[in-house]
Number of protein chains: 2
Amino acid sequence: MMKSVTSTPVARPDEVRRHNRTTLLRLLHVSGPSTRATLATSLGLNRSTIKTLVDGLAEAGVVEERVPRPGRGAGRPSLLVLPQPHAAVVLAVDLQVEHVAIALVGFGGQILGRNSWNLRGRMREADEVITHVIESTTVLAGDLGVQPIAAGVSVPGVVRRADGHVHEAPNLRWTDVALGERLGGVLRIPILVGNDAELGAIAEHLRGAARGSSDAVYVSADVGVGGGIIADGSALRGGSGYVGEIGHMAIRPGGRPCYCGSSGCWETEVGEAALCRALDLPEDTPRGAILFELRELGRDPHAAEERLSEFAEWLTLGLVNVVNLLGPQLVVLGDLLTVLPDSVVKSVAAEVRRRSLVSRAVGGTQIVSSALGADVKLLGAAEAAFEMILDTV
Amino acid sequence: MMKSVTSTPVARPDEVRRHNRTTLLRLLHVSGPSTRATLATSLGLNRSTIKTLVDGLAEAGVVEERVPRPGRGAGRPSLLVLPQPHAAVVLAVDLQVEHVAIALVGFGGQILGRNSWNLRGRMREADEVITHVIESTTVLAGDLGVQPIAAGVSVPGVVRRADGHVHEAPNLRWTDVALGERLGGVLRIPILVGNDAELGAIAEHLRGAARGSSDAVYVSADVGVGGGIIADGSALRGGSGYVGEIGHMAIRPGGRPCYCGSSGCWETEVGEAALCRALDLPEDTPRGAILFELRELGRDPHAAEERLSEFAEWLTLGLVNVVNLLGPQLVVLGDLLTVLPDSVVKSVAAEVRRRSLVSRAVGGTQIVSSALGADVKLLGAAEAAFEMILDTV
């Protein structure tokens, strides 16, 4: 969302060069190989400034320059600048309720290697998870012959950004875990621990369905329901470093009790358990079976709309609230919601536009499914890690 | 709320000086008379830079410098820098459902003069309002011997910031009024038209209860209910320049129909009509009588809590949602909500903290009443106008 009446920090001339370099690194990292000419245009810098910056990066081994394949245009082609993945490698950790995935991700966003394992019983305890993440990282880094210089960790819970303190991750049954401190203490690199939906939003914004949209909301519906907000091109976080919890909007007064202490939270009506109820499946149905059932249902749009009508109504109500409160251009549905039959998503989107005053004013908020698949939070964790260190590459 | 993964615009050295000057003007405007030493500390600039800047402003007649009254400290006292109200005057217009207030506000925030009139019947039509605002401004400016150089207009409706287009102001029965264009065309100054709750939030942030709080939500409950969001120190606006509409959260599924096309909106449960119902007053009770009744009720805290218990429950539910979505440090209750008995506000605040996962995480969101009284939106409109022109003063 746009901002006004800001008090911008004071820029000092000696910071300009470093700032330009970081902006260039960020652009290369997100957009991939680009010609010098494109870089100059995108950043609004002149060609000699770009040349100086790119030469510096090439010398440091952060990029390589290559003559592009001859195109149709006349004249000497602009050199292609390629980010070098091994120039900066980060660790990404996606901690989910049922399993953990880790990946080592190179400059430019390429996944260089990955590993994952299931969480059951004692394996879900914080001590076990932390130990296992550290061990797997060491093995993976050794195999690949790289060393991560920062880490991003996605957690399905309420997390304080400043120090990676997990206040509450209810579906993991974690309370007050100093996750950032404990991982950082062993790995000895900067660690950013983020809420999973926030990191999902960052990934969608930089590399997914919300690319190019400055104001978007990402809704993740897994066991729990969360949301990440992109406002005016960056992720929004609450005053004390905690991101909001969209899943705990009170959407149904007097509704089902929620673990959070309230009742009728959105999560109780559009989370995994609610989806199981809508599909007449037991609430502990394995994920695979839920996905199968949803895909089957999608073959008959009419039946799908009918069977999911109550689920869709709660989804609509919550989305109307999100759109009315924040006025995003775009809402990206993630996780389980990506498997909802198209006909259902379309009718929810139409209904949100019809009922939301703000959606009507902005000319109709778009509602789309995530395009990043199961890796969305892993990619978001990687981006959060890169954000910490891109200025030092 | 804090922001991350930003792509900051590139700062050019030649912009730094102008930037420092604007930052200094903003500080003087909001904080009032300050010593050079305080200014230097607040802005992180050295004393010689401050001296150059202040000398420039003094020469232009924007500030005056004065030797402060002798203090306890030893040594030569730092010169006191005083903003000169007549150096820059803006027009503020607060368009409400029942009346319009205008004011001419000087640099430093002082109201130099004001006028207001009631809106009844035909007077509420856009043509009439626009004509009357222009006439009154001309008279007031003539009386005071000043000329406004920008204007801010507060409108209770859905407004597009870019051009001041009023998409919908339902309680005024306005639809698609090119208010910014029409006022600007005659007054020939830059006009900013804002949503009333957004401007209220800006005023509370700069001069009211949310001063010093980087993340706050202002809730205005008048005929309609609105909200303004301060995130990371500035006002948040939706992607297409429309601010959100907190009053249209769907809080009560299947509840009362709302003019917006939805039903069970928060506004239908905590707006003026709902308050009248809670107080057993007819829904068209004049404002004065509602205020009287509320103040009377406040004398007996126990009776107040009992009589307003349902109203308080809906207020709580909506506030839990706002806090869970945005994680503000502070919520400021405005308009009619400022007159709620203290005991009711206290129990609502306690209940929000109890039920909101995010409030518990941030250590308890504060909920307070507005301290700016009836002028809050007028002051917000003035600040929005100053924001447009402070860099040209």
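Predicted, not measured: the structure shown is a model, and the values here were computed from it. Side-chain atoms are counted along with the backbone in the values below, which use heavy atoms only and exclude waters and symmetry mates. By convention in this document, chain letters (A, B, ...) are assigned in the order of the sequence lines, proteins followed by strands, and residues within each chain are numbered from 1.
- Between chain B and the options A:His165, A:Arg252, A:Arg360, heavy-atom pairs under 4.5 Å are most frequent for A:Arg360.
- Chain B forms more heavy-atom pairs under 4.5 Å with one residue of A:Ile246, A:Val30, A:Thr22 than with any other, namely A:Ile246.
- In terms of heavy-atom pairs under 4.5 angstrom with chain B, the leader among A:Arg355, A:Met249, A:Glu168 is A:Met249.
- Screening B:Asn324, B:Asn321, B:Thr316 for a side-chain hydrogen bond (donor to acceptor under 3.5 Å, both in side chains) involving B:Ser356 leaves a single residue, B:Asn324.
- Distance check, rounded to the nearest 0.5 Å: OG1 of B:Thr49 to CZ of B:Arg17 gives 9.5 Å.
- By number of non-hydrogen pairs under 4.5 angstrom with chain A, the leading residue of B:Gly264, B:Cys260, B:Gly261 is B:Cys260.
- Between A:Asn20 and A:Leu53, the closest side-chain pair of non-hydrogen atoms falls below 4.5 Å.
- Summarising the local packing, CD of A:Glu313 is surrounded by more than 12 heavy atoms from other residues, nucleotides or ligands at distances under 6.0 Å.
- The residues A:Glu387 and A:Arg161 are annotated as not salt-bridged, no charged nitrogen and carboxylate oxygen being separated by less than 4.0 angstrom.
- In this structure, no portion of A:Trp266 lies under 4.5 Å from any heavy atom of chain B.
- Interface remark: A:Glu245 contributes backbone and side-chain atoms alike to the contact with chain B (heavy atom separation under 4.5 Å).
- If you tally non-hydrogen atom pairs under 4.5 Å between each of B:Pro253, B:Ser262, B:Pro170, B:Gly227 and chain A, the highest count goes to B:Pro253.
- Between A:Tyr259 and A:His248, the ring planes lie perpendicular to each other; the angle is over 60°, past the 30° to 60° tilted range.
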